[in-house]
Structures are given as structure tokens and as C-alpha cells.
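The structure under discussion appears below in the form of C-alpha cells.
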Amino acid sequence: MRKFAAAALVAALAGLAPALFGQEVAQVNDRLYTDLELWQDRGLIGDLPPLRPFPIQLVVKLLNEVSARGTRADRTLAGEYLRAIEGSANAHLEVGALVRSSPGETYEQAGVSVVAQGAVTPILTYSGDLGVFGVSGPSSTALPTYVRPTQDFLNDSSVQPLGSSGLTPRLSMTSQLALGSDSLYFQTGVLQDSFGPFWGDNAVLSPDAPQSVDFSLTWRQGFFTYTQLLKDISATQNDGGGGPSPGKFLSLNSLDFYPASWLTLGIFESVVWGDGFDPRYLLPAPSVLYYAQGLVGWPGAEHFGLSAEARLPHAIKVDALLYQGDASFNDLVKLDFNTMDLFSAQGGLSWTPNLPFLTRLSLNYLLVSPYAYTHVYGGGTQADPTEINYENYTNDGENMGPSIDPNSDRLEIEALVRPAPFADVTLFGRIVRHGNASSYGGTTYGNGTVFDDGYVDGSPSFAPGYTGTSELFRFLSQPVLEQIFQIGAATSLRFETTFGEILGTVSYTFEFIANPVDASGNPQAGVSEANNYIEAGLTYRF
């Protein structure tokens, strides 16, 4: 705590500069994207591309639409965002500190970052940051179960802590370069990203998953949006250890259609592969990737998805998404759906009344089937856990999709309140259930995580033809399930002063776990635990 207090004092005293509303377009977890989502839900801006972050070209267009259609408060906020990104160069310095605490764990972080963004020309824009931080341990320390950190660091095991401080130096960087207009643009950079109708932790690409080097193309027209994405990601071993290793990729393409002003329908497809770059996975149309894989024996892990987004009267919005992996075409055309049931599904309902006592109320349900996002690699067996896996849906040892494990579901309710323009208060509650689908019939052969591919002696235990069990689709059918209940609140405050901008965040989560999993991934019947998590942060921008 002394290190945190000292860093906070430095942040409060550092530098003299005009007040600045500093927001970063390249950061998909920035408040900017929360506001864009709120404005879309209220009908102030129209259809948006499914892949985020957006380039400055598009963000400027959207903010101008808000300025033309929104309330006085909307126009003021949009104007602050515009002043932070318009022009050839917008640069500022951030000094900040963060501390998290939970039973038996404390995480501390302090550092300084340079943030810059702007337009070199009207069709060439950039956004990014570079920071040096001191951290007291892994960034996932002292977080609630199935909650991931939103900031990435370059972890170099050769770097040692600084003296007796206990803080280890780490680099953090985000970069985005965009070429084109607001309707046709190419982006590249080191980014976290988000995909689909769900802007938070979602089934396809989650904004709290690790960074990757991205190359994307987006083409927006009046009745459709086409997206092509290539991610250069990091591989790990079959068991999740080792790495990060090069030579692993994800290719995704999508088509969003707008049959009505209030309706968006999407179809998309992805392939994860590695141990050699294959240009066939850059073919630009959904279903082509699946066919291209078949030409060479399906060497990668293919997923196919459908999404829908309906914006109804009174600022009510309904979202749905299905993401299916490794489906058998022959079985599906026969309407036999009991085949390789590796899928996730997500549904949401939100209301955005923009009232002083309630800005938005949302309900979200996510289902992840057993062995979704997993994939066997290495001769049809996981006999060698130290072999590199180039086909599971992970980047640097983390699921690129949701934070929860396979054979889980999660129900969330969240209320966002803005009692003043400078304050956000979020109240939330979650219920998560998880079972180990590899533990049945008195036999345990896997830990139930994204690194448990469900294969037994070279055969998939979840596919037709496997005789080891009569129950192939074992979704939460185990006699003992891990059950997690979380409730809490998060507050963020922003103050502009003569000398800069001060940002403060405080959050609290109470967590109760019934039947927590043990080291082998099996829920422990009759065991329970209660945890308290507190986080506080302070940043000074000038």
C-alpha cells in the first residue's frame, strides 16, 4: 500500500498543462466504446461494424452524428472526444497506480505512459500508447474467479524486481494504424479486440483476451458490412504451459446485413491454424474457409457463427449469437445435431433509457458447451502435453473468446448509472456454473479447461461412435458443479483541473463459491468459500 500511495502522490503533483479529455481510440476497453454502444442503443448512430476498435476516421464520423442528434449532454461529451482525437497530433502523459486486494493476495502496479493519436492525412490515422510499469506479480492476481485483467504486459522472465521494492519492470504497448475512409479502411497494430453484437466478454473475440498483431479490412455499405481479420497469435503447449511460441494464426471473415433500420443479421467464420502460414485462409467469403480446409484434409480448427441484433422501440435491444466449432456437414444436412457439439451461445436484453437514475440495464446469458474452443493437436492424441498446440482457440495461454471454461454458463445483470457527467457507477451480479465434462463414470481423465480436448486413447469422447459413455453431450450433467455467485459495484470519477485530468476508479466484488474446483479441475462437493475483492486506481493525465 505504501508503494501505491507514493505513486498516487506523484500522479497528483506531476506536470502542468491545460485540461485534456484524454481518450484512446486504439484501446477497445476505453470508455469511448461504452459511450458509442450507448449512443447506438439509443438510436443516435446507426449500424456499426462488428470488429472493434474502430479507426479515427469512423469515430469522428460517429461523434459528429451524435453532435447533430444528441442531447446537450451528448453533444458536450462528443465534443470532448472530438477534441482529443482531431488534428495531426494529440499527445499526453499519464502517471498512474493501481492496487487490488483479496484474501491472501495483493497486486500493485505503478507506471507512466505516453499516449498519442491523430491524423497524418485525412485517410491515414494512428493511435497508441507506450508505458513502463512496475508490477508486483502476474496481472491476473487478486481478481474474482473467471475475471481477466484488461491490460497486457510484455512478460520477460529475465527481468528481475527493482531492489527491495518487489516491483518488476514491464512494458505495455498498444498501437493502431488505419488507412482509408470511414466506409473502407485497413487497420493494423498490436491490439486487443472485440467482435460481434456483445461489446464486453463475448463468445468470439473478447476485449479482455491477450493482445495480438492484427491485420483487418472493413468495407461498409448501406445494406452490409464486410470484415476480414488476420490475427498473428501466440501458441502454447497442449497443457497450456510453455510459450509463447510463434507460427499460430486466426483468420476470420464476416458479413453483416441490414434488412431493416432496426435489424442486423451476421454470418461469420474463423479458422485457427499454425506451424506454417497458409494463404488459403485469407479467402474473402464465409463458408469458403471451411471448403478450403477440406481441400487439404481440414488441418485447422474451424468455427462458424450466426448473430442477430434487434433495436426495438423505447431503447430496448435484443442480441443473440451462436458460434459452432468442428461441426460435421454430413450430419447437419440430415438435421442430426448430436454431432461434435462444440459450440457457444450468447443472448442479451438491454434497456437504455438514459435517465438520471438509470443509464442502462442489461441482462446477458452465455453458454459454453463441453470442449468448445479446445482442439486436439499432434496425431489425434494429447499423449505429449509438452507439444505445441497450434489449433486450440487460445492466444498466449488464454481463450480468445470468453473468460469462463468449457462446460459452463454465466448469467449477468448489470445497471449503469451516471449521476453526473463525470461519474459512472456500475452495479452487477453474476452466476457462473461449471462442471468437468471429463469426469464421469467414476473416471477422470482431464481437467475441464480449454486445454482439455476431450480425447481418450485417440478418440473424441463427445462424438458419435465413442463407446466409453452413453452420454456424449455432457453439458452441466455432472452430479457436482462449481457454482459461483458474484455481486458488486464499480465507480469511476473524472475531474478536469487547471493542471490536467484526474481519473479515479474503485470497485468491490463479493464472491461466494460452492463446490470450488480443485487442482485437478474437479468440483469439491460440500466445500465452499467466500471472498472479497477490492480494486482502486488513480491516474493523472496532462
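No side-chain donor-acceptor contact under 3.5 Å links Asp457 and Ser459. Side-chain polar atoms of Arg360 and Thr352 form no donor-acceptor pair below 3.5 angstrom. Looking at Ser270 and Tyr323, their side chains do bring a donor and an acceptor atom within 3.5 Å of each other. Residues Gln228 and Tyr226 have side chains that bring a donor and an acceptor to within less than 3.5 angstrom of each other. In summary, the side chains of Glu511 and Thr145 do present a donor paired with an acceptor at a separation below 3.5 Å, with no hydrogens or angles considered. Gln27 and Asp129 form a side-chain donor-acceptor contact under 3.5 Å, judged by distance and modelled atom types alone. Donor-acceptor pairing under 3.5 Å is lacking for the side chains of Gln486 and Thr509. Side-chain atoms of Ser477 and Glu471 include a donor-acceptor pair closer than 3.5 Å.
Scanning both residues, Phe195 and Val204, for their nearest heavy atoms gives CD2-CG1, 3.6 Å. Nearest heavy-atom pair across Gly242 and Thr236 is O-CG2, 3.8 Å. Annotation for Phe473 and Pro370: closest pair CE1-CD, 3.9 Å, computed over non-hydrogen atoms. Closest approach of Ser206 to Gly401, counting heavy atoms only: CB-O, 3.0 Å. For the pair Pro406 and Tyr371, the tightest heavy-atom approach, listed with the atom from each and the gap, is CB-N, 3.6 Å. The minimum heavy-atom distance linking Arg170 with Asn155 is given by the pair NE-OD1, 3.3 Å.
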Checklist entry - Passes side chain to side chain donor-acceptor pair (under 3.5 Å), Gln187 versus Gln176? Steps please. => result CA-CA 7 Å; Gln187 288 191 101; Gln176 177 194 50; 2.5 Å; yes

Next on the checklist: Under the criterion salt bridge (Lys or Arg N to Asp or Glu O under 4.0 Å), I'd like the reasoning laid out for Lys248 against Glu391: C-alpha separation, chi angles, the key distance, then a yes or no.
Outcome noted: CA-CA 8 Å; Lys248 185 176 181 179; Glu391 296 179 9; over 6 Å; no

Item to check | Worked verdict on Gln237 versus Thr386 for side chain to side chain donor-acceptor pair (under 3.5 Å) | outcome: CA-CA 5 Å; Gln237 297 171 173; Thr386 63; 5.3 Å; no

Checklist entry - Stepwise, does the ring-ring contact (aromatic ring centres under 6.0 Å, His included) test hold for Trp219 with Tyr185? => result CA-CA 7 Å; Trp219 182 24; Tyr185 54 84; over 10 Å; no

Next on the checklist: Before you tell me yes or no, could you show the steps for Asn436 and Glu482 under side chain to side chain donor-acceptor pair (under 3.5 Å), namely the whole-Å CA-CA distance, both residues' side-chain angles and the distance that decides it to 0.1 Å?
Outcome noted: CA-CA 9 Å; Asn436 185 347; Glu482 180 184 53; over 6 Å; no

Item to check | Intermediate values then yes/no, ring-ring contact (aromatic ring centres under 6.0 Å, His included), Tyr377 and Tyr390 | outcome: CA-CA 7 Å; Tyr377 188 79; Tyr390 292 101; 5.6 Å; yes

Next on the checklist: Could you walk me through whether Gln151 and Gln109 satisfy the side chain to side chain donor-acceptor pair (under 3.5 Å) test, starting with their C-alpha distance in whole Å, then the side-chain angles of each, then the deciding distance to 0.1 Å, before giving a yes or no?
Outcome noted: CA-CA 11 Å; Gln151 184 174 11; Gln109 169 187 314; 3.1 Å; yes

Next on the checklist: Run the side-chain contact (heavy atoms from CB on, under 4.5 Å) test on Thr225 and Thr218 for me, step by step, so that the C-alpha distance in whole Å, both residues' side-chain angles and the decisive distance to 0.1 Å come before the verdict.
Outcome noted: CA-CA 7 Å; Thr225 294; Thr218 301; 3.9 Å; yes

Checklist entry - Given Phe249 and Trp273, is the ring-ring contact (aromatic ring centres under 6.0 Å, His included) satisfied, shown in steps? => result CA-CA 6 Å; Phe249 307 92; Trp273 85 99; 5.3 Å; yes

Checklist entry - Between Tyr373 and Ser344, is a side-chain contact (heavy atoms from CB on, under 4.5 Å) present by the stated rule, with each step listed? => result CA-CA 9 Å; Tyr373 306 106; Ser344 53; 2.7 Å; yes

Item to check | Worked verdict on Asp341 versus Phe462 for side-chain contact (heavy atoms from CB on, under 4.5 Å) | outcome: CA-CA 7 Å; Asp341 293 309; Phe462 47 83; over 6 Å; no

Checklist entry - Please walk me through it: do Phe153 and Phe133 pass ring-ring contact (aromatic ring centres under 6.0 Å, His included)? => result CA-CA 9 Å; Phe153 295 105; Phe133 293 82; 5.5 Å; yes

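Rounded to the nearest 0.5 Å, atoms OG (Ser251) and OH (Tyr281) are 9.5 Å apart. Taking OG1 of Thr188 as the reference point, atom CG of Leu179 lies at 11.0 Å (rounded to 0.5 Å). Atom-to-atom distance recorded for Asn522:CG and Ser438:OG is 9.0 Å, nearest 0.5 angstrom. The structure places CG of Leu36 at 6.0 Å from CG of Leu62, a figure rounded to the nearest 0.5 Å. Here the CG-OH distance, from Leu48 to Tyr33, works out to 10.5 Å after rounding to the nearest 0.5 Å. Taking CG from Leu191 and OG from Ser216, the interatomic distance works out to 8.0 Å, rounded to the nearest 0.5 Å.
For the pair Tyr258 and Leu265, the minimum side-chain heavy-atom distance is 4.5 Å or more. Between Phe451 and Asp239, the closest side-chain pair of non-hydrogen atoms is not below 4.5 Å. Residues Leu143 and Arg100 are in side-chain contact: their nearest non-hydrogen atoms beyond the backbone lie under 4.5 Å apart. When side chains are defined from C-beta on, Pro523 does not count as touching Gln483, because their heavy atoms never get closer than 4.5 Å. Residues Phe186 and Leu177 form no side-chain contact, since every pair of their non-hydrogen atoms from C-beta on lies 4.5 Å or further apart. Considering only heavy atoms from C-beta on, Ser136 stays 4.5 Å or farther from Thr168 through its side chain. Side-chain contact between Leu63 and Val60 is absent, with no heavy atoms from C-beta onward closer than 4.5 Å. By the 4.5 Å heavy-atom criterion applied to side chains, Tyr126 and Val120 are counted as neighbours.
Looking at Gln192, its side chain does come within 3.5 Å of a backbone N or O of Ala209 through a donor-acceptor pair. In this structure a side-chain-to-backbone donor-acceptor pair under 3.5 Å is present from Ser369 to Phe343.
Between Tyr455 and Tyr445, the ring center distance fails the sub-6.0 Å criterion. Centroid-to-centroid, the aromatic rings of Phe268 and His303 stay 6.0 Å apart or farther.
With Ser403 as the partner, the side-chain hydrogen bond (donor to acceptor under 3.5 Å, both in side chains) test is satisfied by one option alone out of Asp201, Asp208, Asn202: Asp201. Checking Leu229, Val190, Ile233 one by one against Ser212, the side-chain contact (heavy atoms from CB on, under 4.5 Å) holds for a single residue, Ile233. For the side-chain contact (heavy atoms from CB on, under 4.5 Å) criterion with Glu309, the lone passing option out of Asp256, Thr264, Leu263 is Thr264.
At a threshold of 4.0 Å, the pair Arg311-Asp47 counts as salt-bridged, since one of the basic side-chain nitrogens sits closer than that to a carboxylate oxygen. A salt bridge links Arg148 with Glu398: the distance from a Lys NZ or Arg NE/NH1/NH2 to an Asp or Glu carboxylate oxygen falls below 4.0 Å. A salt bridge links Lys231 and Asp193; the closest N-O separation between the charged side-chain nitrogens and carboxylate oxygens is under 4.0 Å.
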